[in-house]
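One structure is given here, and the rest of the page talks about it.
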2 protein chains.
Amino acid sequence: MSTPPAPDRPISQELLELTFRLTARLRGGLDAAHTDLGLPPAQAQALASLRAPVPMRELATMLACDASNVTGIVDGLERRGLVERRPDPRDRRVKQLVLTEEGERRRAALDAHIAKTAGEVFDLPERDQEALRDLLSRLVEEPDA
Amino acid sequence: MSTPPAPDRPISQELLELTFRLTARLRGGLDAAHTDLGLPPAQAQALASLRAPVPMRELATMLACDASNVTGIVDGLERRGLVERRPDPRDRRVKQLVLTEEGERRRAALDAHIAKTAGEVFDLPERDQEALRDLLSRLVEEPDA
DNA sequence: TATTGTTATACTCTATAACTATA
DNA sequence: TATAGTTATAGAGTATAACAATA
């Protein structure tokens, strides 16, 4: 077998660095998609998360941020006519977020951008893609109780 | 619940999602290290980047941020007695950043935290670590002209 | 003229706390 | 009492533009 050149640095740290470089590439592609669509990153991320009608609170959970942020983000999306706040008849405290037609179109465009970025960055033969998926899956799996 | 049935989604998008989840785990570990050391993230990242004496400008390049940010970051590190600004005798415009003894100690502690996080997150048999490194390397490699 | 580091300024993202209206 | 959403506010991170000292 071959001798590794200079294993003075643990491989896990190499993996850390590679992961952050990969993330930087992905982030760059997504940011380009956002500016392309004329949306600030936070609004774009929210838009990408909106499928079925969802209460504000749940969107906050999906975005992993405080509920107070969601107000401003949804304000922006509403100002652009991409989303509506609908009262929930079953609980008058909650507002269901629903995409408008234009919102649906914009989200579809965003999805296409994201898919394009992912396709360009993860440009590997399918077998390697699958190997990578299996490895990454094992890293992010939640440890069961 | 390891394999959600989603055959209609391209694998590259799955990889995108897994990568971001992995990054979130890493980020969490690093943030914990930063608060553990009593340093704001930006200062911690700068500290981790400081080895040999380095001009402010170069630190900005390493951190991939504008030079105007570095002033404040280094102010913070200097206030904590971790770094010194030394005039460069060969070019009196530049200031060389040099870690103090305490700065060196703190950086070593930070390195240990980072290594610990990396070790915990990338907790795989060595063969799988190497496979992952090879795959990631191919993804971040710069395309040659 | 160009460059290093600084300052002033502004914009975004994020969090906390207090408020309202409902439950 | 507790919860959904809002508001006010503050902090951190980042960017641009203008400036002084130096090259």
Side-chain angles (χ1 to χ4, degrees), chain A residues 20 23-24 27-28 30-50 53-80 83-98, chain B residues 20 23-24 27-28 30-50 53-80 83-98:
Chain A
F20 280 128
T23 303
R27 180 73 43 208
L30 296 189
D31 285 352
H34 300 163
T35 52
D36 220 48
L37 278 161
L39 288 174
Q43 286 180 38
Q45 202 190 339
L47 182 63
S49 308
L50 287 172
V54 162
M56 306 272 294
R57 202 86 200 179
E58 200 174 318
L59 180 57
T61 303
M62 292 190 290
L63 298 178
C65 74
D66 190 84
S68 60
N69 298 316
V70 176
T71 299
I73 293 170
V74 171
D75 282 349
L77 291 173
E78 208 172 30
R79 232 182 297 117
R80 294 165 202 268
V83 76
E84 270 179 36
R85 282 182 240 232
R86 290 214 193 132
D88 184 328
R90 291 172 306 176
D91 185 339
R92 281 162 29 214
R93 293 174 303 178
V94 340
K95 295 171 187 173
Q96 296 284 349
L97 300 175
V98 184
Chain B
F20 280 128
T23 302
R27 179 75 42 210
L30 296 188
D31 284 352
H34 300 163
T35 51
D36 219 49
L37 279 160
L39 289 174
Q43 285 180 39
Q45 203 190 340
L47 183 63
S49 307
L50 287 173
V54 162
M56 306 271 294
R57 203 84 199 181
E58 201 174 318
L59 180 58
T61 302
M62 291 190 290
L63 298 177
C65 74
D66 190 83
S68 59
N69 298 316
V70 176
T71 299
I73 294 170
V74 171
D75 283 349
L77 290 173
E78 208 172 29
R79 231 183 296 117
R80 293 165 202 268
V83 77
E84 272 179 36
R85 282 182 238 230
R86 290 214 191 133
D88 184 329
R90 291 171 307 177
D91 184 340
R92 284 166 21 217
R93 292 174 303 181
V94 340
K95 294 172 188 172
Q96 296 284 349
L97 300 175
V98 184

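Reminder, nothing fancy here: chain letters follow the sequence lines and each chain counts from 1.
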May I have the distance from [X] (atom [atom1]) to [N] (atom [atom2]), rounded to whole angstrom?
X	N	atom1	atom2	value
B/Leu63	D/dA15	CG	C1'	15 Å
A/Asp75	D/dA8	CG	P	12 Å
A/Arg93	C/dT22	CZ	C1'	6 Å
A/Leu39	C/dC13	CG	P	11 Å
B/Leu97	C/dT4	CG	C1'	12 Å
B/Ile73	D/dT14	CD1	P	6 Å
A/Leu59	D/dA4	CG	P	14 Å
A/Asp91	D/dA2	CG	C1'	12 Å

Side chains of [X] and [Y] in contact at under 4.5 Å (non-hydrogen atoms):
X	Y	value
A/Arg27	B/Phe20	yes
B/Ile73	B/Leu63	yes
A/Val94	A/Arg57	no
B/Met62	B/Leu59	yes
A/Pro55	A/Gln96	yes

Consider the side chain of [X], meaning its heavy atoms from C-beta on, and name the nucleotide among [options] that approaches it most closely.
X	options	value
A/Asp66	D/dA23, C/dT16, C/dT6	C/dT16
A/Pro55	C/dA21, C/dA15, D/dG5	D/dG5
A/Cys65	C/dG5, C/dA15, C/dT22	C/dA15
B/Arg92	D/dT22, D/dT3, D/dG5	D/dT22
A/Thr71	D/dT16, C/dT6, D/dG5	D/dG5
A/Arg85	C/dT6, D/dG5, C/dA21	D/dG5
A/Met56	D/dG5, D/dA4, C/dT6	D/dG5

Please figure out whether A/Asn69 or A/Arg90 has its closest DNA chain C nucleotide nearer the 5' end.
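Nearest nucleotide further toward 5': that of A/Asn69.
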For A/Ala67 and B/Val94, find the nucleotide of DNA chain C closest to each by heavy atoms; which residue's nucleotide sits nearer the 5' end?
B/Val94
Would you say the side-chain atoms of B/Arg80 pair up with the backbone N or O of B/Gly38, donor to acceptor, closer than 3.5 Å?
yes
Given the structure, check if the side chain of B/Ser68 and the base of D/dT14 hold any donor-acceptor pair shorter than 3.5 Å.
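No, no donor-acceptor pair under 3.5 Å.
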So which of residues 40-49 of chain B are in contact with DNA chain C, with a heavy-atom cut-off of under 4.0 Å?
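Heavy-atom cutoff 4.0 Å gives no residues at all.
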What's the verdict on side-chain contact (heavy atoms from CB on, under 4.5 Å) for A/Leu97 and A/Arg85, showing C-alpha distance, side-chain angles and the deciding distance?
CA-CA 5 Å; A/Leu97 300 175; A/Arg85 282 182 240 232; 3.9 Å; yes
If the test is side-chain contact (heavy atoms from CB on, under 4.5 Å), which one of A/Val83, A/Asp75, A/Leu77 qualifies with A/Arg79?
A/Asp75
Would you say D/dA2 has OP1 or OP2 under 4.0 Å from some side-chain N or O of A/Arg57?
no
